[in-house]
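Here the structure comes first, spelled out in structure tokens, and everything after it is commentary.
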2 protein chains.
Amino acid sequence: MRHNPDVAERETRDDVDGIVAQWRRERPGMRPEPMAVFGRIYRLARLVGDEQERVYARWGIGRGEFDVLAALRRSGEPYTLAPKALTASLMLTSGGMTGRLDRLERAGLVRRSPDPTDRRGLQVTLTDTGRQVIEEAADAGLAVQRRILDTLPPEDQERLGDLLRTLLAGAAGGGR
Amino acid sequence: MRHNPDVAERETRDDVDGIVAQWRRERPGMRPEPMAVFGRIYRLARLVGDEQERVYARWGIGRGEFDVLAALRRSGEPYTLAPKALTASLMLTSGGMTGRLDRLERAGLVRRSPDPTDRRGLQVTLTDTGRQVIEEAADAGLAVQRRILDTLPPEDQERLGDLLRTLLAGAAGGGR
DNA sequence: CCTAAGTATCTTAGCTCTAAGATACTTATT
DNA sequence: AATAAGTATCTTAGAGCTAAGATACTTAGG
């Protein structure tokens, strides 16, 4: 089907184009064009996300743990944040964060200590091992992204980032 | 921060730009540019996906159930597919598909019947109610996508779809 | 035919998440 | 001070997924 000579002129059809065409055939008047964008966004998120997750497994962590370690590392010295801040920036419930921190602490990648200024609170700090793990895993995950992104020439990479920035602003702003 | 006059000239910074800048400050030489694309793809998938899910809830279904009903509806008359085919096209394990079909059958949206030509197999068929639900829910979900996509002018919408098609081909091809 | 290998579906155990709520501490009001 | 309201974290129950494997049927090879 993909190599049908009838469509050789525009050899850029993919599964998503097929789905859009099916809807058009089944329900004329539906105008399913937006699916061509969001269908691909969903598939890319899943495909690339799964591939990055397989890479992170080398260090014994999943995507969720990676995100926590990355937030701590990015925050700079002393690599310390409150669970509350992590919960907010990773858009997670407090229960989910408790679980991630339990796993990371058990693996020796973070340390929990009491907040000296507020006895309700905690501080979560990257251990030396944790810092080493996140730096190696982040480089490996980035290499996965770079290899896929290099399908596009540099000027298209930048143009794609710009279009997505605008779209994300529309989704984040309008969706409340 | 977003309305800091110092950055008024390029008033297009978002959270993802901030994350990229943090990595650059913390680890010079990391070249985190690909995150500007994939970070936004992940966020869009989550934000728009969650919003569509809230819409589907009006009909008592989640994203998973929606995808099954949509695959059946798109396939055309007689709206029948084998669980095996659904499992493959939705990239799900057989256990996950069993669960979705159980819920859909309990809700009266699909019917399971034996495959007349292969006694190992089943056929899953959309009920009349199921067909009505998927048509209404698909229109409502599409409206969510269209509202967000219309942040971009029509020519950018098309350009974005083309860039994503190329990127998805690179991810699906290279990732094996 | 008969056996071995293959295929389709369901079952079970374990994982991670959310939603709701409990606990413990802090801040604001009187 | 004393009380009420607010905040940070953890706990619990339930949903939906995957991985592994059980069951039942089909197909291929001798």
Side-chain angles (χ1 to χ4, degrees), chain A residues 42 45-47 49-54 56-57 60-69 71-72 80-107 109-125, chain B residues 42-43 45-47 49-54 56-57 59-69 71-72 80-107 109-125:
Chain A
Y42 293 144
R46 173 149 184 193
L47 273 172
D50 285 354
E51 194 171 342
Q52 290 192 256
E53 184 139 51
R54 281 191 291 277
Y56 300 151
I61 58 176
R63 233 176 302 183
E65 287 82 27
F66 178 94
D67 288 343
V68 173
L69 296 178
L72 288 167
T80 299
L81 291 170
K84 177 72 197 205
L86 287 165
T87 295
S89 88
L90 303 182
M91 300 198 297
L92 202 65
T93 59
S94 67
M97 185 54 67
T98 297
R100 286 188 189 180
L101 293 176
D102 286 348
R103 296 193 290 280
L104 286 168
E105 194 166 42
R106 212 177 306 129
L109 304 179
V110 307
R111 194 173 32 246
R112 274 191 266 219
S113 50
D115 181 331
T117 70
D118 182 341
R119 268 191 291 176
R120 290 169 307 180
L122 288 180
Q123 287 184 330
V124 179
T125 304
Chain B
Y42 292 145
R43 282 171 181 237
R46 174 148 184 194
L47 272 172
D50 285 355
E51 193 170 344
Q52 290 191 254
E53 184 139 52
R54 281 191 291 276
Y56 300 151
W59 289 273
I61 58 176
R63 232 176 302 183
E65 287 81 27
F66 177 93
D67 288 344
V68 173
L69 296 178
L72 288 167
T80 300
L81 291 170
K84 176 73 197 202
L86 287 166
T87 295
S89 88
L90 303 183
M91 300 196 300
L92 202 64
T93 60
S94 69
M97 185 54 67
T98 297
R100 288 189 189 179
L101 293 176
D102 286 349
R103 296 192 290 280
L104 286 168
E105 195 167 42
R106 213 176 305 128
L109 305 179
V110 306
R111 192 172 35 244
R112 275 191 266 219
S113 50
D115 181 331
T117 71
D118 183 341
R119 268 191 290 177
R120 290 169 307 179
L122 290 179
Q123 288 183 330
V124 179
T125 303

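Chain letters run A, B, ... following the sequence lines, proteins first and then strands; every chain starts at 1.
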Whole-Å distance, Glu53(B) CD to dC17(C) P, equals 16 Å
Look up atom CZ in Arg100(B) and atom CG in Asp67(B), then write down how far apart they are to the nearest 0.5 Å. 6.0 Å
Leu122(A) side-chain proximity, nearest of dC17(D), dT9(D), dG6(D): dT9(D)
Rounded to whole Å, how long is the line connecting atom CG of Leu92(B) with atom P of dG16(D)? 12 Å
side-chain contact (heavy atoms from CB on, under 4.5 Å) partner of Met97(B), chosen from Val124(B), Asp102(B), Leu90(B): Leu90(B)
Could you state the atom-to-atom distance from CD of Glu65(B) to P of dG16(D) in whole Å? 6 Å
I want to check one thing: is the phosphate of dC10(D), taken as OP1 and OP2, less than 4.0 Å away from some side-chain N or O of Arg112(A)? yes
Take atom CG of Asp50(A) and atom P of dT18(D), then tell me their distance rounded to the nearest Å. 10 Å
To the nearest angstrom, how far is Asp115(B) atom CG from dC10(C) atom P? 13 Å
Output the distance between atom CG (Leu101(A)) and atom OG1 (Thr87(A)), rounded to the nearest 0.5 Å. 7.5 Å
Integer-rounded Å distance: dC17(D) C1' and Asp67(B) CG: 14 Å
Would you mind classifying the nucleic acid contact of Asp118(B) as base, sugar-phosphate or nothing, using non-hydrogen atoms under 4.0 angstrom? sugar-phosphate
Got a sec? Which of residues 97-107 of chain B come in under 4.0 Å of DNA chain D, heavy atoms? Arg100(B), Arg103(B)
For Leu90(B) and dT9(C), what is the distance between atoms CG and P respectively, to the nearest whole Å? 13 Å
Length of the line joining Leu86(B):CG and dC10(C):C1', which is rounded to integer Å: 15 Å
With respect to the side chain of Lys84(B), which nucleotide from dT9(C), dT18(C), dT9(D) is positioned closest? dT9(C)
Please identify each residue that fulfils side chain to side chain contact (heavy atoms under 4.5 Å, CB included) with Arg63(B), with sequence neighbours left out. Asp50(B), Glu53(B), Tyr56(B)
Arg119(A) has a side chain; which of dC25(D), dT9(D), dC25(C) sits nearest to it? dC25(C)
Residue whose nearest DNA chain D nucleotide is more 5′ - Pro83(A) or Arg46(A): Pro83(A)
Heavy atoms from C-beta onward define the side chain here; which of dG21(D), dA19(C), dA19(D) lies closest to that of Thr93(B)? dA19(D)
Gap separating the CE atom of Met91(A) from the CZ atom of Arg43(B), nearest 0.5 angstrom: 6.0 Å
Smallest separation among heavy atoms of Gln123(A) and Asp115(A), with atom names: CG-CA, 4.1 Å
Sequence neighbours left out, what passes salt bridge (charged side-chain N to carboxylate O under 4.0 Å, His left out) with Arg111(B)? Give chain and number order. none
Minimum-distance nucleotide (side-chain atoms of Arg120(A) versus dA8(C), dT7(D), dG21(D)): dT7(D)
